[in-house]
Amino acid sequence: MWFLSKKGPSGFSPNSTAEEVTQGIDGSALTAIVTGASSGIGAETARVLALRGVHVIMGVRNISAGEQVKETIIKDVPQAKIDALELDLSSLVSVRNFASNYNSLGLPLNLLINNAGIMATPFTLSKDKIELQFATNHVGHFLLTNLLLDTMKKTARESRKEGRIVNVSSRRHKFSYNEGIRFDKINDQSGYNGLSAYGQSKLANVLHANELARHLKDEGVEITANSLHPGAIATNLFRQHSIISGIVDVIGKHVMKNVEQGAATTCYVALHPDVKGVSGKYYADCNIAEASPQANDAGLAKRLWDFTTSLVH
């Protein structure tokens with residue numbers, strides 16, 4: 001059980017909270033985007049970053065829900081600098097509009113937290129005719145990152161502060177389809193399995209971060225890219241499965257992380273000084289962890305990069 005785990009090399013463990021792992025860190029010179037920040041670990045990530053002085057822009061599909069979270073955070077952290085912009089990761093048009101709107105604000109960008117996600121949905125195609133979980137969890141974030149990268153590079157260069165890109169993946173990346181990424185069957189309903197498709201999208205998150213890290217290193221840019229497993233958390237990610245959701249409601253608080261613990265690894269990788277210069281790594285429980293062999297396959301990462309580039313263009 002996670003609550004019996006010992007502290008890792010970082011000094012933190014699965015029961016560390018986001019506030020604990022960022023204690024004493026001053027983020028007042030930083031600006032961050034957090035996708036999926038209207039609920040769950042995204043909202044807690046936004047709150048804790050704001051608590052540490054970071055100017056947080058929440059990318060949210062439901063702007064009304066986003067504004068409610070913003071008000072709640074400001075009540076808890078009166079000095080918080082926090083804003084909400086509409087962002088639907090399942091729509092390439094929405095992603096382009098968000099990036100355009102953000103870039104037009106003239107704000108710097110130090111941290112990009114690709115957190116938003118959906119889980120184990122019935123087979124559905126997005127507005128762009130891409131399988132919904134792959135579209136939302138991977139393709140939307142891939143495009144968003146590309147569209148914001150110039151702003152991040154400019155910020156890193158002018159501020160002389162390291163930029164960080166954080167992809168929130170999952171341990172489920174180890175349980176994708178047998179072939180890892182179904183390049184020729186991404187939109188094929190036959191053989192579709194909701195949990196395997198979720199695993200595929202989470203594998204794509206790790207592969208994306210790894211390949212991005214290689215690109216950034218080759219360019220000599222002071223921006224890192226890492227991925228992580230936040231832990232098993234009782235959030236509304238289980239809303240598509242009534243049976244699982246019911247089990248989570250009953251026993252989740254005894255065997256799963258709460259939201260404060262679930263946001264810890266994201267906040268650690270985004271802010272902690274011990275992560276400075278670390279790129280292309282996979283984290284769990286605020287420590288470097290072992291990803292699957294498929295996630296460490298450089299050839300698969302490059303193929304996914306090229307495949308996704310063709311999808312968004």
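The figures that follow rest on heavy atoms only: side chains count, while hydrogens, waters and symmetry mates do not. Each residue takes its place number in the sequence, starting with 1.
A single hydrophobic cluster is not seen to contain both Leu195 and Tyr177; linkage of ILVMFWY side chains at heavy-atom distances under 4.5 Å, directly or through other members, places them apart. Hydrophobic cluster membership is shared by Tyr102 and Val95, with clusters built from Ile, Leu, Val, Met, Phe, Trp and Tyr side chains linked at under 4.5 angstrom. Linking ILVMFWY residues whenever their side-chain heavy atoms come closer than 4.5 Å, directly or via other members, places Leu111 and Ile25 in the same cluster.
The two atoms that bring Ala29 and Asn110 nearest to each other are O-OD1, 3.9 Å, heavy atoms only. Thr45 and Ala263 get closest at one heavy-atom pair: OG1-CB, 3.6 Å.
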Criterion salt bridge (charged side-chain N to carboxylate O under 4.0 Å, His left out) on Lys302 and Asp306, from CA distance to verdict:
CA-CA 6 Å; Lys302 186 181 186 308; Asp306 294 340; 2.9 Å; yes

Side chain to side chain donor-acceptor pair (under 3.5 Å) between Asn15 and Ser13: does it pass, once the steps are laid out?
CA-CA 5 Å; Asn15 62 347; Ser13 70; 2.3 Å; yes

Evaluate the criterion side-chain contact (heavy atoms from CB on, under 4.5 Å) for residue pair Phe142 and Glu211; output intermediate values, then yes/no.
CA-CA 11 Å; Phe142 178 92; Glu211 183 66 12; over 6 Å; no

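Between Asn62 and Ser38 there is no side-chain heavy-atom pair separated by less than 4.5 Å. In this structure the side chain of Lys129 never reaches within 4.5 angstrom of the side chain of Asn187, judged on heavy atoms. Contact check for Leu300 versus Gln294: side-chain heavy atoms found under the 4.5 Å cut-off. The side-chain heavy atoms of Arg52 and Leu271, taken from C-beta on, include a pair separated by under 4.5 Å. Counting heavy atoms from C-beta outward, Leu216 and Ser279 have side chains that stay 4.5 Å or more apart. In this structure, Gln133 and Lys202 have side chains that are not in contact, with every pair of non-hydrogen atoms separated by 4.5 Å or more. A heavy-atom distance below 4.5 Å is found between the side chains of Phe98 and Leu144. Contact annotation: the side chain of Glu131 never approaches that of Arg182 to less than 4.5 Å [non-hydrogen atoms, C-beta and beyond].
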Less than 3.5 Å apart, which donor and acceptor atoms pair up between the side chains of residues 63-78 and the rest of the protein, not counting sequence neighbours?
unit_1 : atom_1 : unit_2 : atom_2 : d
Thr72  : OG1    : Gln68  : O      : 3.0
Asp76  : OD2    : Arg47  : NH1    : 2.9

For a quick test of your reading: what N or O donor-acceptor pairs under 3.5 Å do the side chains of residues 223-233 make, sequence neighbours left out?
unit_1 : atom_1 : unit_2 : atom_2 : d
Asn226 : OD1    : Gly280 : N      : 3.2
Asn226 : OD1    : Lys281 : N      : 2.8
Asn226 : ND2    : Val278 : O      : 2.9
His229 : ND1    : Arg171 : N      : 2.9

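Within a 6.0 Å sphere centred on CG of Asp218, other residues, nucleotides and ligands contribute more than 12 heavy atoms. Atom NZ of Lys161 has 12 or fewer neighbouring heavy atoms from other residues, nucleotides or ligands inside a 6.0 Å radius. Heavy-atom neighbours of Glu290 CD from other residues, nucleotides or ligands within 6.0 Å: at or below the threshold of 12.
Taking the six-membered ring where tryptophan is involved, the planes of Trp305 and His208 are tilted, since the angle between them lies from 30° to 60°.
Distance alone, capped at 3.5 Å, is enough to place a donor-acceptor pair between the Thr124 side chain and the Pro122 backbone. A donor-acceptor distance shorter than 3.5 angstrom exists from the side chain of Asn205 to the backbone of Asn137, with no hydrogens or angles considered. With hydrogens and angles disregarded, no donor-acceptor distance shorter than 3.5 Å links the side chain of Ser126 to the backbone of Leu132. Listed for the Glu162 side chain is a donor-acceptor partner under 3.5 Å among the backbone atoms of Gly277.
Between Arg61 atom CZ and Ser91 atom OG the span is 11.5 Å, to the nearest 0.5 Å. Distance CG/Leu109 to CG/Leu148: 6.0 Å, rounded to 0.5 Å.
Legend: ring-ring contact (aromatic ring centres under 6.0 Å, His included) pairs involving residues 266-286, not counting sequence neighbours, sorted by first then second residue: Phe12-Tyr268, Phe12-His272, His173-Tyr282, Tyr268-His272.
The pair Lys257-Asp285 counts as a salt bridge, with a side-chain nitrogen and a carboxylate oxygen less than 4.0 angstrom apart.
Applying the side-chain contact (heavy atoms from CB on, under 4.5 Å) test between Asn114 and each of Leu89, Val34, Thr145, Ile33 identifies Thr145 as the sole match.
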